[in-house]
Amino acid sequence: MKHCQRSTSSPSERWASGQLRIIGGQWRGRKLRFSQVDGLRPTGDRVRETLFNWLAPTITGARCLDLFAGSGALGLEALSRGAASATFIERHPKALASLQENCALLGTNDAQVILADALSWLEKTQPAQPYDVVFLDPPFDADLLQPCLTLLQRPSLLAPGAHIYTEADRLQSLPVTPSHISLIKEKTAGHVCYRLYRLFENIE
């Protein structure tokens, strides 16, 4: 398990051409660089704006989980907008090093950055407190949405009323969810379909 700390690698080793901008909250307008990794595609500004409009009533004080974190765009945006904490799960060391650096640059003590495979981590983790918001944006060609949604039903992972955000190719089939996890928002942007689910009962 790794917490945010400054990387000892040089800037030329840490950064490539990737850049993201935080669009709301205390760090609004801050531009951050991230390492270029195959398959990494940060959620765009327009989609993030819509998502956080959806989450506006609940993001303050929320405990967030950013699976397949990549650049960390979603979890960092959540922290900027008042989330209590964000746990970032990323398996690529270069992407993780960039995310650690950005947490340090922002001076946040509310981020936890973990080097792990998302599915393996979900199978084993026992969080001290359940998560209120989960960001689930796996590689589109990896077919990971369904197994992740299944694992998120494990006891103690999600708080009552928790929200789960997903991104997928718009041609991809809608994942199967149990009756207590309901789709409440859905939009498309180009080839991306993004959805927001809500947990209406505690999982026991």
Side-chain angles (χ1 to χ4, degrees), residues 1-37 39-118 121 125 127-138 159 162-167 194 196:
M1 184 179 297
K2 298 188 177 182
H3 295 264
C4 290
Q5 58 188 17
R6 284 195 177 274
S7 171
T8 56
S9 57
S10 68
S12 61
E13 292 172 324
R14 291 196 298 270
W15 309 128
S17 59
Q19 189 176 80
L20 67 91
R21 180 176 65 92
I22 295 178
I23 55 177
Q26 63 175 322
W27 302 320
R28 181 179 181 179
R30 287 290 296 271
K31 293 180 179 179
L32 302 171
R33 294 180 178 180
F34 59 88
S35 291
Q36 191 171 5
V37 174
L40 193 157
R41 36 160 199 82
T43 301
D45 288 7
R46 184 176 65 171
V47 173
R48 267 187 291 144
E49 186 65 52
T50 300
L51 166 61
F52 284 95
N53 285 340
W54 290 346
L55 291 174
T58 59
I59 198 64
T60 301
R63 286 173 42 81
C64 299
L65 173 62
D66 192 350
L67 292 165
F68 308 96
S71 68
L74 295 175
L76 292 174
E77 189 76 41
L79 288 174
S80 181
R81 292 171 183 252
S85 65
T87 300
F88 299 87
I89 308 300
E90 174 54 50
R91 71 175 184 175
H92 198 291
K94 283 180 65 178
L96 180 127
S98 295
L99 183 48
Q100 288 179 316
E101 179 73 9
N102 283 330
C103 289
L105 287 172
L106 293 169
T108 179
N109 294 315
D110 299 321
Q112 184 180 37
V113 183
I114 301 173
L115 181 64
D117 173 81
W121 186 85
T125 191
Q129 293 180 279
Y131 294 102
D132 303 298
V133 178
V134 178
F135 302 112
L136 185 50
D137 182 15
H163 289 82
I164 304 171
Y165 169 77
T166 69
E167 283 187 34
Y194 54 108
L196 187 66

Distance in Å, Asn102 CG paired with Arg33 CZ, rounded so as to fall on 0.5 Å steps: 10.5 Å
Using 0.5 Å steps for rounding, measure from the CG atom of Asp66 to the CD1 atom of Ile114. 11.5 Å
Between Val47, Ile59, Ile23, which is the residue that forms a side-chain contact (heavy atoms from CB on, under 4.5 Å) with Phe52? Ile59
If you compare all heavy atoms of Gly72 against all heavy atoms of Phe88, which two are closest, and at what distance to 0.1 Å? O-CE2, 3.7 Å
Inter-residue atom distance Arg81.CZ - Gln26.CD, 0.5 Å rounding: 11.5 Å
Between Glu90 and Ala69, which heavy-atom pair has the shortest distance, and what is it? OE1-N, 3.6 Å
Can you check side-chain contact (heavy atoms from CB on, under 4.5 Å) on Leu76 and Cys103, steps first, answer last? CA-CA 8 Å; Leu76 292 174; Cys103 289; 4.2 Å; yes
Strictly distance-based, threshold 3.5 Å: is any side-chain N or O of Thr87 a donor or acceptor partner for the main-chain N or O of Gln112? no
Answer yes or no: is there a donor N or O on one side and an acceptor on the other, between the side chain of Ser35 and the main chain of Ser98, under 3.5 Å? no
Non-hydrogen atoms of Ala111 and Leu79 that approach each other most closely: CB-CD1, 4.0 Å
Anything under 30° is parallel, anything over 60° is perpendicular, the rest tilted; go ahead and classify Phe135 against Tyr165. perpendicular
List the atom of Arg63, the atom of Ser85, and the distance in Å for their closest heavy-atom pair. CG-OG, 3.6 Å
When every non-hydrogen atom of Ala73 is compared with those of Leu20, the smallest separation belongs to CB-CD2, 4.1 Å
Give the intermediate values and the outcome of side-chain contact (heavy atoms from CB on, under 4.5 Å) for residues Leu51 and Thr43. CA-CA 10 Å; Leu51 166 61; Thr43 301; 5.9 Å; no
Rounded distance [0.5 Å steps], CG in Leu136 versus CZ in Phe68: 6.0 Å
Output the distance between atom CG (Leu67) and atom CG (Leu74), rounded to the nearest 0.5 Å. 11.0 Å
Any idea which heavy atoms bring Val133 and Ala62 closest together, and the distance? CG2-CB, 4.1 Å
Side chain to side chain, Thr58 and Asp132, heavy atoms closer than 4.5 Å: no
Give me the one residue out of Arg48, Arg28, Arg21 that meets side chain to side chain donor-acceptor pair (under 3.5 Å) with Glu77. Arg48
Once you round to the nearest 0.5 Å, how far does NZ of Lys31 lie from CD1 of Ile22? 12.5 Å
